[in-house]
Structure formats: C-alpha cells, structure tokens
Amino acid sequence: MSDELTSRQRELRSHARALARGVLREAKAAERLPTAEERFLATRPAYERLVAEGCLRACIPTAAGGENEGLLDTAVVVEELYAENPSIALTLLATVLGVQPVVAGGTPDQRKRLLAPFLETSGAPLAGFCSTEPGGSANPAAPPPGEGVRTQARRVDGQWVINGRKKWVSSATGWERDGADLLCVVCRTDPEAPPGGGISVIAVEKPSSGLVLDRVIETSGYRAHLLPEFSFHDVAAPPENLLGEEGGGLRLLGASFLGATALVGLLGVALMRTAFDHALGFARTERRGGVVPILEHQAVGYALADAKTTIEAARALSLRACRAVDAGHPSAPELANHAKVFGSEAAVRVITDLMRVVGVDSYDDVDPLGGLLQDALVLPLFSGGNLGVRRRALHALLLSPGYDPLAASEGI
C-alpha cells in the first residue's frame with residue numbers, strides 16, 4: 001500500500017490549510033469571551049464557512065452521499081484545521097463522529113433521511129454520538145451489580161421513548177440549547193437481556209422537547225468548544241430510527257469509533273506541529289540576554305530535533321492506521337489503538353518539552369504553548385481513555401492465542 005497521498009488528497013490538504021489560516025485563525029478571538037456558551041456561539045460563523053466550503057461533505061463517505069473516499073481524506077483535512085483552531089475543528093470532527101452510526105449501521109433509507117442536513121453546503125448542522133454517561137462508560141456491558149449503560153429506551157405507543165443522562169458529547173445541546181440536528185443515542189432497549197445484548201443505538205432528530213441542558217462543562221482547554229452534561233426526559237423517536245439490529249449497539253459502537261480512534265493520533269500531531277513552529281521561531285530569534293539566538297545552543301537544538309522526530313513518527317503511525325482502516329486490514333483496530341495512545345501521549349510530552357525551550361514566558365497567557373498543552377492533556381482521556389479502554393483493548397489482543405505480532409506490519 002502506497003504511503004503517498006493522491007493528488008486529490010494533496011488538494012484537499014491545501015484547501016483545508018488555506019481555510020484554516022484564513023478563517024479559523026481569526027476565530028481564535030472567541031476564546032476570550034466570558035462564558036462557554038458565548039465562546040461556542042461566537043464560532044458559528046467560522047463553522048458555517050467550513051460547511052460552505054465543503055469540509056463536512058469531505059468527511060462523509062461517497063456511499064452515504066458525501067465526497068469522502070476514505071479515512072485518509074478525513075485525516076488530511078482534520079490535521080490542517082486542528083493545527084489552527086482545535087475548538088472549531090473538534091466541533092466539525094465531533095459532528096462527523098456523530099453521524100458515523102448512521103454511516104456504519106444505517107439502511108439506505110436511514111442514510112438518505114438522516115444525513116440530508118449534513119450533505120448541504122449551508123447552515124451549521126451539528127451531530128453528537130451520545131455514548132458517555134455521568135460516572136463513566138468504560139464498562140458498558142458490565143454484568144450486575146455493575147450498571148453498564150444506564151440510559152433507557154422503551155416502546156410507548158409505537159415510539160421509542162428515551163430517558164437518561166449523557167456527558168462529554170460535543171455540541172449535543174445545539175447552538176441555542178435546542179438540541180443538535182442529530183443525536184445517535186447509546187441506550188438500553190431490553191433490560192432483561194444479557195448485559196452486552198440489550199444495548200442499541202437510536203437516532204434522535206432535533207428534539208422539540210425533552211432534551212435538557214443540565215450544565216455546560218468549563219474545560220481547561222478547547223475554550224470555544226461546547227461540552228454539555230444533559231438529560232433525556234421522555235424524548236421520542238420513531239421506530240424506524242433504530243440503527244442496526246436491536247441489541248447490536250456495542251458492535252455498532254466499536255465500528256463507529258474505529259476511525260475516530262486512529263484520528264486522535266493526528267490531533268496530537270496537529271497540536272505538536274503548532275507548538276514546534278512557535279518554539280522554533282522563538283529559538284531562531286531570541287537571545288534571552290545572550291550573544292546568539294538560543295537555537296545555536298546544543299541543548300535547544302537537540303530538544304527541537306527530538307520533538308520533530310516524535311511529530312513525524314506520530315504522523316506516520318496515524319496515517320498508517322488510517323490506511324489500514326480504509327483497506328479493512330485485520331490489524332486496523334490494533335494500529336488505531338497504537339496511533340491513539342502514542343500520538344496523544346506524545347503530544348503532552350512534546351509540548352511540555354517545548355515549553356522548557358521557551359522557558360517561563362511559555363506560562364504567560366499571551367504565549368500559545370500553555371493553551372496547546374491544555375488542549376493536548378485531554379487527548380489521552382477522550383475517545384476511549386488510554387488506560388480504561390485503549391490499552392485494555394491492546395492487552396486483550398495480546399492475550400488472544402492466535403495473536404501474530406507481525407500481522408500489523410504486513411500488507412499495509
């Protein structure tokens with residue numbers, strides 16, 4: 001499998017880079033507003049511009065009506081957007097993840113009906129994949145006395161009626177607290193079924209009532225991105241909005257998160273590369289009271305060289321994982337988990353090291369490195385925490401009798 005980007009993918013990258021530098025860079029001012037909801041709402045014009053320029057369509061597969069020919073297309077777009085404005089880029093990426101259960105498990109009719117708003121090049125459509133619940137969701141299929149998935153959906157008068165609470169679902173309550181355009185809700189549809197067999201995914205189109213914002217989470221990073229804690233109170237969905245088979249929610253959950261797992265490594269790359277550009281420029285120009293720019297000092301040069309090595313290694317691993325997902329390679333889940341763990345943890349380490357290059361001024365709010373570190377800190381924690389989910393998946397793989405350590409290095 002070729003490591004080269006196609007000419008089309010290079011054009012996608014160039015287009016995304018130009019948009020990021022021309023639109024998203026200016027929108028960073030939103031992060032200075034006083035409340036989380038004000039900051040999020042102020043990003044709407046920039047998000048609308050990304051939609052108008054086809055960035056959302058570029059991340060939805062052609063088979064579902066979009067223009068995406070594989071996860072690698074998404075990767076080249078997301079890295080460019082994330083490098084300039086992680087908050088807005090994460091809003092776009094979370095919407096892509098939010099529609100993924102429809103893409104992965106929906107019927108042709110469901111895809112046509114539910115994805116329509118996201119295939120337009122106007123407006124500011126939002127979607128959320130409602131998986132995580134207050135108290136954590138690393139063990140959704142836990143047997144009693146464990147609770148597993150607590151959100152319930154029951155049939156009432158021919159409809160699904162959903163009750164429960166969710167947390168950490170990007171943009172789920174919408175621009176005006178009226179709900180995202182589409183919510184794919186992981187819920188328990190059969191309380192009598194075995195723990196892993198009674199879980200399903202139900203699509204909820206913009207609810208007219210019953211979706212309640214409990215609070216907006218004030219995060220250390222991603223200052224202009226909305227992360228709510230919210231409740232479903234008798235939120236109704238028609239029976240035809242069940243995605244995949246009833247009771248097949250955990251399989252659909254895994255399939256939907258596979259691509260996102262691989263992409264987290266590239267989110268780390270994006271943050272590292274922005275931090276590196278800043279630290280390199282600083283080292284080239286700053287003397288810090290000395291005679292020569294600090295780049296001429298060996299310790300600084302070595303620190304920057306080590307950072308660049310890690311950036312290139314994380315990008316290569318992440319893109320390799322994306323190619324494996326696109327090819328349906330048996331080792332795609334393993335590579336995706338490796339990319340997520342390595343890229344996310346490398347970002348925290350590398351940005352911290354680059355702050356040492358700049359020195360105490362990097363702790364000043366006017367310097368970007370502190371903010372980049374705050375953004376990086378969550379990467380090992382979200383999209384399946386590295387300890388509770390990703391390393392556990394890799395551990396399980398190593399325990400399987402037929403595991404072949406060389407399989408991930410062959411045919412990709």
Side-chain angles (χ1 to χ4, degrees), residues 60-61 63-66 94-119 125-133 137 139-142 147-174 178-212 230-260:
I60 297 176
T95 290
V96 175
L97 176 62
V99 303
Q100 192 59 33
V102 181
V103 172
T107 64
D109 176 70
Q110 287 173 328
R111 287 182 175 186
K112 181 179 180 180
R113 179 167 50 86
L114 298 172
L115 296 179
F118 306 95
L119 299 174
L126 298 170
F129 194 176
C130 303
S131 174
T132 303
E133 298 179 340
S137 296
N139 300 287
E147 295 179 295
V149 174
R150 280 86 77 192
T151 299
Q152 304 278 340
R154 54 193 175 88
R155 293 183 181 89
V156 178
D157 297 330
Q159 299 247 45
W160 289 109
V161 177
I162 302 172
N163 285 278
R165 298 173 63 207
K166 297 291 182 179
K167 187 177 182 181
W168 300 111
V169 183
S170 296
S171 317
T173 48
D178 54 352
D181 298 83
L182 177 69
L183 296 174
C184 292
V185 185
V186 179
C187 49
R188 193 171 294 281
T189 51
D190 185 356
E192 304 302 322
I199 299 168
S200 305
V201 180
I202 296 174
V204 175
E205 297 167 86
K206 196 164 194 169
S208 57
S209 63
L211 185 71
V212 178
F230 58 101
S231 302
F232 294 95
H233 295 281
D234 291 334
V235 172
E240 60 268 23
N241 279 19
L242 175 71
L243 299 174
E245 298 178 355
E246 184 175 351
L250 291 185
R251 290 189 298 275
L252 185 53
L253 183 70
S256 299
F257 266 104
L258 178 60

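- Annotation for Ala127 and Thr95: closest pair N-OG1, 3.3 Å, computed over non-hydrogen atoms.
- Heavy-atom minimum distance, Phe230 versus Leu211: CD1-CD1, 3.5 Å.
- Applying the salt bridge (Lys or Arg N to Asp or Glu O under 4.0 Å) rule to pairs touching residues 193-203 yields nothing, sequence neighbours excluded.
- With a 4.5 Å cut-off on side-chain heavy atoms, Asp234 and Asn163 count as touching.
- A heavy-atom distance below 4.5 Å is found between the side chains of Lys166 and Phe232.
- Applying the side-chain contact (heavy atoms from CB on, under 4.5 Å) rule to Arg165 yields the partners Pro134, Asp214, Glu229, Ser231; only residues at least two apart in sequence or on another chain are considered.
- Residues Gly106 and Leu243 share a closest heavy-atom pair of CA-CD2, 4.4 Å.
- No more than 12 heavy atoms of other residues, nucleotides or ligands shown are found within 6.0 angstrom of CD on Glu245.
- A heavy-atom distance below 4.5 Å is not found between the side chains of Val235 and Leu183.
- Listed by chain and number, the residues in a side-chain contact (heavy atoms from CB on, under 4.5 Å) with Asp157 amount to none (sequence neighbours excluded).
- The nearest pair of heavy atoms linking Ala64 to Leu115 is CB-CD1, 3.6 Å.
- For Ala237 against Val204, the heavy-atom pair with the smallest separation is CB-CG2, 4.3 Å.
- A 4.5 Å side-chain heavy-atom check between Glu147 and Glu133 finds every atom pair outside the cut-off.
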